Student: 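Here it is: the structure, laid out below.
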Protein chains: 2
Amino acid sequence: MRDFTKKLRVLLIDDNANHLRGIKELISLETSYNVVGATRNANLGLSLIKKYRPDIVLMDVNMPEKDGLQTIQSINKLGISTNVVILSGYDDSDLIYRAMKLGARGYVLKTMASSKLIDAIETVADGKIYLPSVLTTRFFEYFQNAAKEESKVSAGENLLTTLTGRENEVLDLLTQGINYKSIAQKLIISETTVKTHVNNIFQKLQVNDRTNAVLYALTHGFKPSSTMQQEMVAA
Amino acid sequence: MRDFTKKLRVLLIDDNANHLRGIKELISLETSYNVVGATRNANLGLSLIKKYRPDIVLMDVNMPEKDGLQTIQSINKLGISTNVVILSGYDDSDLIYRAMKLGARGYVLKTMASSKLIDAIETVADGKIYLPSVLTTRFFEYFQNAAKEESKVSAGENLLTTLTGRENEVLDLLTQGINYKSIAQKLIISETTVKTHVNNIFQKLQVNDRTNAVLYALTHGFKPSSTMQQEMVAA
DNA sequence: GTCATTTAATCCATGGAACGATTGATAATT
DNA sequence: AATTATCAATCGTTCCATGGATTAAATGAC
């Protein structure tokens with residue numbers, strides 16, 4: 001939970017000087033915030049973050065040299081608990097998706113009322129995600145579409161369903177990059193038997209070598225048929 | 001955009017009889033809605049959906065025989081434009097994530113004020129996503145965590161970066177399940193050269209066969225180095 | 001009686017290791 | 001400017017292990 005006895009340390013990054021000044025003034029009006037830095041340069045912003053460890057970073061995504069998404073990644077690598085809130089001019093679904101995937105905690109459009117920005121800071125400081133309804137919708141446009149594409153591949157005419165239990169076990173080991181001999185040992189059967197199974201797998205998956213069998217399995221949502229337990233790997 | 005001259009056709013699925021009745025009464029109060037069906041059985045609900053093509057389906061996730069998530073999948077397979085709004089007793093991040101991934105358009109907790117349910121229906125009918133702030137946060141708990149795990153694998157000590165340009169091209173073809181001879185033809189070099197490259201790739205990725213090289217590539221975010229163009233496959 | 005599972009034996013193709021060696025581009029040194 | 005060193009990319013040959021195709025057959029479960 002947020003500590004209300006301390007001021008929230010906020011840092012601003014926006015390559016547009018006017019915008020930067022505007023936000024700074026807006027936030028300075030709030031007595032509970034403390035703007036620890038404001039810069040037009042992403043790389044400089046990064047060093048400031050390293051130095052001041054702000055609670056919140058308000059950042060434009062659309063910047064020349066270093067782009068906002070890359071900057072989020074760089075911040076992540078610092079391994080500190082700074083929360084990033086993205087400022088953007090556009091409600092582009094792809095951009096929102098990528099920013100959130102990289103760990104942004106909030107997303108605000110520049111066209112929104114300035115009170116929204118305060119809302120965002122409050123919400124994020126409270127450990128929650130701030131994503132206005134419109135942007136949530138945009139996000140899911142992308143997200144659900146990507147998921148649909150994914151399931152298309154693993155659905156339609158899935159040859160994996162034709163495999164027998166044993167063949168599934170063998171395929172599972174194949175997808176771990178194990179050779180005939182070792183598979184035979186693991187399953188405690190002869191190598192020839194393994195070859196027979198593998199050949200049958202090839203037939204059913206309509207491929208003619210192990211690499212393509214593995215590729216087929218991976219791109220069609222192959223899941224080792226539950227009955228098998230993983231064993232620990234000695235380090 | 002929603003057509004306000006027509007009543008919204010709503011269908012309810014909830015295995016709890018009391019709850020089902022409650023929701024039905026609540027929604028019947030709204031003059032702009034028309035409850036075309038209400039059932040305690042998911043499979044029956046599915047046939048009703050097929051029959052009546054409702055605009056909105058309000059569905060409990062937590063049901064005995066057929067679980068809510070499976071039901072969403074079944075609805076998707078029907079290929080109709082029905083929007084699913086999930087009703088759930090718990091704000092479990094994993095559950096929210098999976099439901100939304102499967103294409104749910106809204107998610108409401110049973111503990112929420114009943115007005116929220118109306119909000120949800122209105123929002124979803126308007127083509128938007130309805131996900132209350134708390135649930136959005138829960139969703140992203142899961143989503144961002146999964147993304148972080150993903151990037152951990154493709155980040156840390158990535159041996160793929162040590163590959164030369166040519167080796168990248170060869171690896172790209174390897175991950176397509178192509179054999180030495182064909183790779184040689186595609187790159188217009190001799191088969192021995194391909195073998196040399198592949199051997200070097202093995203060395204660098206610390207594996208000793210093609211399957212493991214491919215597996216390494218796929219699990220470490222290998223991307224064919226841009227300079228290569230895909231060619232069409234004849235059908 | 002069909003189907004999954006198992007084994008065997010044979011045979012050939014492919015994959016992969018282990019040498020060595022040439023060319024050309026680039027960077028570093030003299 | 002001439003030199004050396006380095007490295008990517010290329011090709012060749014030999015050799016053996018592994019992979020994979022084919023055919024045939026036995027067992028047990030359902």
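Below, read A as the first sequence line, B as the second, and so on, with proteins coming before strands; counting in each chain starts at 1. Source: prediction; values computed, not measured.
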Student: With sequence neighbours excluded, tell me which residues meet salt bridge (charged side-chain N to carboxylate O under 4.0 Å, His left out) with A:K24.
Tutor: none
Student: Look for any protein N or O under 3.5 Å of an N or O in nucleotides 16-19 of chain D and output each such pair with its distance, or none.
Tutor:
{"residue": "D:dG19", "atom": "OP1", "partner": "A:R210", "partner atom": "NH2", "Å": "3.3"}
{"residue": "D:dG19", "atom": "OP2", "partner": "A:Y180", "partner atom": "N", "Å": "3.4"}

Student: Test of understanding: with side chain to side chain contact (heavy atoms under 4.5 Å, CB included), list the residues that count as partners of B:A99, not counting sequence neighbours.
Tutor: B:L69, B:I72, B:I86, B:A104, B:Y107
Student: For A:E167 and C:dT6, what is the distance between atoms CD and C1' respectively, to the nearest whole Å?
Tutor: 12 Å
Student: Just call it for A:S190: base, sugar-phosphate, or nothing, with non-hydrogen atoms closer than 4.0 Å on any strand.
Tutor: sugar-phosphate
Student: Going by salt bridge (charged side-chain N to carboxylate O under 4.0 Å, His left out), name the residues that satisfy it together with A:D92, two or more places apart in sequence or in a different chain.
Tutor: none
Student: For B:K110, check salt bridge (charged side-chain N to carboxylate O under 4.0 Å, His left out) against everything at least two apart and list the hits.
Tutor: B:D14, B:D60
Student: Below 3.5 Å, can you tabulate the donor-acceptor pairs from side chains in residues 177-184 of chain A to any protein atom, sequence neighbours excluded?
Tutor:
{"residue": "A:N179", "atom": "OD1", "partner": "A:S182", "partner atom": "N", "Å": "3.0"}
{"residue": "A:N179", "atom": "OD1", "partner": "A:S182", "partner atom": "OG", "Å": "2.9"}

Student: Run the salt bridge (charged side-chain N to carboxylate O under 4.0 Å, His left out) test against B:D15 and tell me which residues pass, sequence neighbours left out.
Tutor: none
Student: If the helix axis at each end comes from five base pairs, how far does the helix from C:dG1-D:dC30 to C:dA27-D:dT4 deviate from straight, to 10°?
Tutor: 50°
Student: Would you please name every residue forming a side chain to side chain contact (heavy atoms under 4.5 Å, CB included) with A:Q73, sequence neighbours left out?
Tutor: A:L102
Student: Reading nucleotides 23-30 of chain D 5' to 3', which nucleotides get B (base under 4.0 Å from a protein heavy atom), which S (sugar-phosphate only), which -?
Tutor: --------
Student: For a 4.5 angstrom cut-off between non-hydrogen side-chain atoms, does B:L171 reach B:F222?
Tutor: yes
Student: Remember a base hit wins even if backbone is also touched, and classify B:T193 as base, sugar-phosphate or nothing at under 4.0 Å, heavy atoms.
Tutor: base
Student: Got a sec, which pairs hit salt bridge (Lys or Arg N to Asp or Glu O under 4.0 Å) with one end in residues 68-91 of chain A, sequence neighbours left out?
Tutor: A:D91-A:R138
Student: Distance check needed: C:dG16 P versus B:H197 NE2, whole Å only.
Tutor: 16 Å
Student: Tabulate protein N/O versus nucleotide N/O from nucleotides 24-26 of chain C, keeping only pairs under 3.5 Å, one per line.
Tutor:
none

